[in-house]
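This report refers to the structure that appears directly beneath it.
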Amino acid sequence: MSALDTTALLRAAQADTGLDDWGDPSFEERFGLGVAALQKLGMDVAGEKFAAGVCHWLLTDRLRFFNDHRTVPGLAEEVIEKPLFATGEPRSGTTLLHALLSLDPDSRSLRFWEVMRPSPPPGLAKDDDPRRAIADADWHGINAIAREWLKIHPYNDMLGDGLPECERSWAFDFRIMTPTAWWRAPIGMAVAGFPSDPAAQYRIHKMMLQSCQHGRPKKRWALKGFHGPRLQAFFDAYPDARLIWTHRDPVQVTASRIGMALTLTRCFSGGQAFDEKAMAAIHLGATRAGIADTMSNPLVDDPRIYHVRYRDFVSDPVGTIGGFYDYCDLEFTDAAQQAMRDYLANNRGDRYGKFVYSTDMIDADIDALNAEFAPYRERFGLDVEKRN
């Protein structure tokens, strides 16, 4: 019998925790879709065993997480006030932006050790909480498998104290299959067509923030995620949020995200062959969809959003953040500025080697793509980006 049996996995998680409330009546069906997607990957017995182990980890975490919100006094009443978010298309500088925002002593950001094992509430954790060491060990494992990822995301050297994207909070909701949860299983960069429910997803995201805030002095949240396609649900969940949105030439965005996807698929596929052209086409399609949504969504002009050009941010990261703080009427303290400048001075982006990518990776006419994306570039004041 396969280790990937939906009913058996669900019941095993309930038996191990003594809990049975999944927090969402649609969850068991959605989990079944995830298991079916895993079964279609054709893993060997060992691979399926690793995948089943990941499922068990996520399922038990989910049961405990929702139980915390029912039983820990005051947890569900935590108020998330005026959070800051960085967003933009993938490969448009948002990770560096997030890293710098997180350094403000008046801000707080999610950490991998918190979202990877969010029960009991991380806000109540002590300095010697074993989850920190467990997350560090996980990241040592990830970095050993995916050494090339460090060229793309050198921030992975922060290990368990690293900065997850908001989407990582949905791993145990089976909306996404992120490598930081699934790295032990040889699934590559599998993206299953799970049902999307932005309102439900932001409900879980806010619960995660509550869990990490509970028991700690209140600070302003500084976070990062790909919120553009979900702006209505985003602002419904966080009506007093402020969003800084970076914009980059979509052709270079596409080339870079293809290069990253190919690299990570090679790292996490257990040596299995895959169709590189098909992978490239998927990411060109994703860029097109993201740009189309940005151009058609009236909420993109919401005054709670501060738009910046990638080139401006790269040229002057601290100055760009200072402009965002001014826009939000926030004090940009000397301590915050110095922390950001120190980070930039001591953490070169190419400290593990240079990430090399090219528009040659895109199976399309580049001049035609430049013409296709011209309205977007014009709207946000972008030039066609040339790379050496």
Side-chain angles (χ1 to χ4, degrees), residues 80-115 122-123 153-169 180 202 205-206 208-209 212-213 216-228 230-231 234-235 237-248 302-349:
I80 308 302
E81 294 182 291
K82 298 182 178 179
L84 304 181
F85 289 82
T87 198
E89 287 294 306
R91 312 304 302 154
S92 62
T94 53
T95 302
L96 175 59
L97 175 56
H98 184 202
L100 295 176
L101 289 171
S102 76
L103 296 169
D104 188 331
D106 294 325
S107 293
R108 169 180 290 121
S109 297
L110 289 172
R111 303 291 170 170
F112 268 109
W113 75 265
E114 298 171 335
V115 300
H153 263 222
Y155 321 92
N156 291 354
D157 62 9
M158 296 172 70
L159 305 176
D161 205 39
L163 302 165
E165 295 164 349
C166 294
E167 287 79 3
R168 181 59 180 79
S169 68
T180 60
Y202 282 115
H205 183 267
K206 181 175 281 189
M208 189 70 73
L209 299 186
C212 295
Q213 177 176 287
R216 290 170 169 166
K218 283 198 174 180
K219 291 187 175 186
R220 177 180 59 241
W221 282 100
L223 304 156
K224 173 217 168 172
F226 300 106
H227 301 293
R230 297 179 289 265
L231 282 179
F234 171 83
F235 281 125
Y238 301 111
D240 59 356
R242 295 296 181 268
L243 194 64
I244 179 170
W245 190 325
T246 59
H247 296 276
R248 185 184 184 189
D302 190 287
R304 290 169 288 187
I305 302 174
Y306 182 71
H307 296 280
V308 300
R309 295 181 296 191
Y310 168 80
R311 283 291 198 190
D312 293 339
F313 171 63
V314 171
S315 297
D316 185 5
V318 178
T320 299
I321 292 172
F324 178 49
Y325 272 48
D326 286 344
Y327 189 78
C328 299
D329 197 25
L330 296 173
E331 182 183 4
F332 197 24
T333 65
D334 290 343
Q337 294 182 53
Q338 190 60 52
M340 295 178 191
R341 295 190 191 284
D342 287 348
Y343 179 89
L344 291 167
N346 296 311
N347 294 274
R348 287 178 55 92

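A quick note: this is a predicted structure, and the numbers were derived from the prediction, not measured.
- For the residue pair F313 and G93, the shortest heavy atom distance occurs at CE2-O, 3.4 Å.
- Surrounding NZ of K82 are at most 12 heavy atoms belonging to other residues, nucleotides or ligands under 6.0 Å away.
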query = Under the side-chain hydrogen bond (donor to acceptor under 3.5 Å, both in side chains) criterion, do S92 and T246 qualify, and how do the steps go?
reply = CA-CA 6 Å; S92 62; T246 59; 3.0 Å; yes

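- Looking at Y343 and L96, their side chains come closer than 4.5 Å, going by heavy atoms from C-beta outward.
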task = Give the C-alpha distance, both sets of side-chain angles, the deciding distance and a yes or no for side-chain contact (heavy atoms from CB on, under 4.5 Å) between T94 and W245.
result = CA-CA 8 Å; T94 53; W245 190 325; over 6 Å; no

task = Could you go through the ring pair (Phe, Tyr, Trp, His ring centres under 6.0 Å) check for Y327 and H307 one step at a time?
result = CA-CA 11 Å; Y327 189 78; H307 296 280; 9.2 Å; no

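- Smallest separation of non-hydrogen atoms from G225 and T87: O-OG1, 2.7 Å.
- The two residues S102 and S109 make their nearest non-hydrogen contact at CB-OG, 3.1 Å.
- At distances below 3.5 Å, at least one donor-acceptor pair connects side-chain atoms of E114 with backbone N or O atoms of R111.
- Ion pair D240/R304 not flagged as a salt bridge, since none of the NZ, NE, NH1 or NH2 atoms sits closer than 4.0 Å to an Asp/Glu carboxylate oxygen.
- Y325 places a side-chain heavy atom less than 4.5 Å from the side chain of L101.
- Under the 6.0 Å distance and 45° angle rule, K206 counts as a cation-pi partner of Y238.
- Taking the six-membered ring for Trp and the full ring otherwise, the centers of H247 and Y310 sit at least 6.0 Å from each other.
- When side chains are defined from C-beta on, D302 counts as touching F235, because their heavy atoms get closer than 4.5 Å.
- For the residue pair C166 and L223, the shortest heavy atom distance occurs at SG-CB, 3.9 Å.
- Minimum interatomic distance between R168 and V115 (heavy atoms only, all atoms of both residues): CG-CG2, 3.6 Å.
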Evaluation steps, side-chain contact (heavy atoms from CB on, under 4.5 Å), between F112 and L163 = CA-CA 6 Å; F112 268 109; L163 302 165; 5.7 Å; no

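- E81 places none of its side-chain heavy atoms less than 4.5 Å from the side chain of W221.
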task = Evaluate the side-chain contact (heavy atoms from CB on, under 4.5 Å) criterion for residues C212 and L110: first the C-alpha distance (whole Å), next the side-chain angles of each, then the deciding distance (0.1 Å), finally the verdict.
result = CA-CA 7 Å; C212 295; L110 289 172; 3.7 Å; yes

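- Aromatic ring pairs are classed by plane angle as parallel below 30°, tilted from 30° to 60° and perpendicular above 60°; the pair H205 and F85 is tilted.
- Residues E165 and F226 meet the side-chain proximity criterion, which asks for heavy atoms closer than 4.5 Å.
- For R108, the CZ atom sits in a packed shell: over 12 heavy atoms of surrounding residues, nucleotides or ligands are nearer than 6.0 Å.
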task = Carefully, step by step, assess F332 and Q337 under the rule side-chain contact (heavy atoms from CB on, under 4.5 Å).
result = CA-CA 7 Å; F332 197 24; Q337 294 182 53; 3.4 Å; yes

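- Ion pair R230/E167 flagged as a salt bridge, since at least one NZ, NE, NH1 or NH2 atom sits closer than 4.0 Å to an Asp/Glu carboxylate oxygen.
- Residue A99 comes nearest to L103 through the heavy atom pair O-CG, 3.3 Å, listed as atom of the first residue, atom of the second, then distance.
- For the pair L330 and L84, the minimum side-chain heavy-atom distance is below 4.5 Å.
- Donor-acceptor pairing under 3.5 Å is recorded for the side chains of D342 and Q338.
- One finds the CD1 atom of I321 at 6.5 Å from the CD1 atom of I244 (value rounded to the nearest 0.5 Å).
- Side-chain contact between V314 and T320: absent, with no pair of heavy atoms (C-beta onward) separated by less than 4.5 Å.
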